[in-house]
Amino acid sequence: MAIDSNPDWWRDAAVYQIYPRSFADANGDGIGDLPGIVSKVPYLAALGVDAVWLSPFYPSALADGGYDVDDYRDVDPRIGTLAQFDQMVAALHEAGIRVIIDIVPNHSGSGHAWFQEALASPPGSAARARYIFRDGSGPDRSVPPSDWQAAFGGSAWGPVGDGQFYLHMFDPAQPDWNWDNPEVRAEFVDILRFWADRGVDGFRVDVANALAKDLSADPLPSAEEIALVPAGPDHPLYDRDEVHDIYAEWRAVFNSYDPPRAAVAEAWTDDPARRARYAQPDGLGQAFNFDLLWAAFDAAEFRRVIERDLALARASGSSSTWVLSNHDVIRHASRYGLELPAELEDRRALGRGWLLAGGRAPVEDIDSGLRRARAATATIMALPGSVYLYQGEELGLREVADLPDAVRQDPLFRRSPGYDVGRDGARVPLPWTAAGPSFGFGVGSAHLPQPAWFGQVAADVQAGDPESTLNLYRRALAARRSLLTRPDVRSAALEWLDSPPGSLHFRRGPWHCLVNFSAVADLELPSGEVVLWSLGSLGNGRLAPATTAWVVG
Ligand code: GLC
Ligand code: CA
């Protein structure tokens, strides 16, 4: 089944995120690679995904797992070659699976030729103008230009040693590009064409809300001052209106291809309404909706997020995106198993650290976490829009919370000692087989240690068990794909039906989805054929707690 030419494929695609270093290692050096991905194309096809999104595979010092890109037009030699990239795209396309790649335009890696050139060039030079260099203050210019903190901790300004500093909103090895510079703009247009010409179907745009900056104030505002400014037109760094000029230019590039290339923004905006602007047809076209990451496993919270996002997507001419896990957050099988303080009303009050704090989680109820994760996944797969799945969630993997500090790689951990364990617990190489030195990930050891319990949840174990999470994903994706071909489903708007408190019931034409979030005694299924149970069946036409069912009536 090769891919078709449908320009709207992304609107309801099931997209599987591959974190290349941790997916499959074909040559046994401990790092996942492109031949490893090719070897798993049959697995991905059997899983039934429409597209894969590859996190960065570019040459990189791996200061931030590859989100520090040293060369935007090549493949890291540890991960593969450009020729292998072409082979991978061909193999995926042959299997009917589209390819989305990650573009990291807010910053490069510090090994990038242009950053090295900037360091070797004098203050005020054209080479420095591609990044954001500022004079230090104080008598010997040794004080950073402002007190801003980087996202991973520490000052956001790196000293050059000649009285200047460069801005890095993330790791010191991730210098921010200067998007006011026409050369930078032209370079990225060329990079997008480079990959689109190689047959890439879409782009995931990293930190899409941070490219446009206004650093004209002198002196720069303090961290305390900008903390009071909501992200938006008045904020010097985040979600400024001019950022959309950049994406309008990119959209023209995407639309010059047939079919047009798709794009999805990673934009952690505070105001969901502002997120919709990234998703407009004259912009990137789609934006991640991370709101379910903050929601408890709770009927009212889910319904609020779902209604709001469907309305926003409609208004922006886009389609919704549903995300429960990715490489930056605690895996949802663990998130749903955590005991959170009862008095906590808004999980955002805990900050993003809560999402990332897998290792410091006090209590984890493994059974309930997995049960809820399966129910939540079956819910988002029934919603209009696309779903983004993260490698390993189809195995029901939970966060590897007990990695020894010595093996952790994430700069978030290294730069915020004791504060945040970072994201490595969601990035442990996948278990493919119950046996073998790295559970089939490779023939040697893996770049992060895998826990013993990975053997019980390996893909080969689950493949043979009809009730496994892997087979739930396969069944759900197959049923979803076939239901989405039905005109009576496609033409139907989502409609809510009455259901007891603690449960949700919606339908799209004949396709009903019922979710029992709590121990509701009496949730009866409507008449029709039950095409999916997220976890077994009660056998009496009733829905067990923390279970989702699809019924076609
Ligand atoms: C995005 C990526 C994250 C990375 C950061 C800096 O949030 O998803 O992994 O650390 O950008 O590039
Ligand atoms: Ca390898």
Side-chain angles (χ1 to χ4, degrees), residues 17-40 53-58 60-70 72 75-81 84 88 100-110 112 150-153 156 167-177 203-211 237-238 264-269 287-288 290 293 323 325-330 352 355-356 388 390 409-416 420 422-427 429-430 437-438 440-448:
Q17 180 189 359
I18 292 177
Y19 193 73
R21 287 182 308 138
S22 300
F23 185 66
D25 171 20
N27 65 359
D29 66 354
I31 298 182
D33 45 43
L34 301 184
I37 297 174
V38 171
S39 75
K40 300 300 181 192
W53 144 35
L54 265 64
S55 278
F57 48 78
Y58 311 102
S60 166
L62 297 183
D64 180 20
Y67 283 90
D68 46 320
V69 179
D70 286 345
Y72 291 86
V75 176
D76 191 294
R78 288 164 291 188
I79 291 182
T81 63
Q84 287 171 341
M88 178 196 71
I100 296 173
I101 63 168
D102 221 308
I103 283 290
V104 188
N106 180 65
H107 42 262
S108 70
S110 53
H112 192 284
F152 299 148
L167 181 71
H168 61 83
M169 293 311 299
F170 291 89
D171 191 78
Q174 292 170 299
D176 282 44
W177 289 108
F203 299 90
R204 177 262 188 194
V205 182
D206 190 64
V207 211
N209 54 328
L211 275 50
L237 300 169
Y238 295 121
V264 57
E266 185 219 22
W268 290 81
T269 58
F288 284 130
F290 292 132
L293 299 178
V323 180
S325 277
N326 65 33
H327 67 297
D328 288 331
V329 301
I330 176 172
R352 204 173 159 202
L355 293 175
L356 306 172
Y388 283 82
Y390 176 52
Q409 302 170 2
D410 188 356
L412 188 59
F413 166 70
R414 286 188 282 102
R415 295 183 62 77
S416 66
D420 198 318
R423 303 161 291 183
D424 296 305
R427 301 174 178 179
L430 293 191
S438 50
F441 166 68
V443 293
S445 60
H447 70 90
L448 276 172

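Throughout, residue positions are numbered sequentially from 1 according to the sequence presented. For ligands, and for the atoms within them, numbers begin at 1 and follow the listed sequence. Note that this is a predicted model, so its numbers are computed, not measured.
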Any side-chain donor near an acceptor of the partner, S55 and Y67, under 3.5 Å: yes

Between the side chain of Y72 and the main-chain N/O of V104, is any donor-acceptor distance below 3.5 Å? yes

R423 heavy atoms within 4.0 Å reach ligand 1 at atoms 3 (C), 4 (C), 9 (O), 10 (O)

Should R204 be listed as contacting ligand 1, given a heavy-atom distance under 4.0 Å as the test? yes

Going by the order shown, which atoms of ligand 1 are within less than 4.0 Å of some heavy atom of H107? 6 (C), 12 (O)

When you measure from the side chain of N209 to the backbone N and O of Y238, does any donor-acceptor pair fall under 3.5 Å? no

With side chains defined as the heavy atoms from C-beta onward, is the minimum distance between P437 and S445 less than 4.5 Å? no

So the atoms of ligand 1 within less than 4.0 Å of a heavy atom of R427 turn out to be 9 (O)

Nearest 0.5 Å, what's the CZ-OH distance between R427 and Y390? 6.5 Å

Under 3.0 Å from the Ca ion (ligand 2), which protein N/O/S atoms are there? D25 OD1, N27 OD1, D29 OD1, I31 O, D33 OD2

Less than 4.0 angstrom from a charged side-chain N to a carboxylate O is my criterion; do R423 and D64 meet it? yes

Positive for side chain to side chain contact (heavy atoms under 4.5 Å, CB included) with H107, one of D176, L211, D68, D171: D176

Check each atom of ligand 1 against the heavy atoms of F152 and keep those under 4.0 Å away; list them by number with element. 10 (O)

Could you tell me whether the side chain of D33 and the main chain of G80 form a donor-acceptor pair under 3.5 Å? no

Going by the atom numbers of ligand 1, which of them fall below 4.0 Å from some non-hydrogen atom of Y67? 2 (C), 4 (C), 9 (O), 12 (O)

With A24, which residues qualify under side chain to side chain contact (heavy atoms under 4.5 Å, CB included), at least two apart? K40, W432

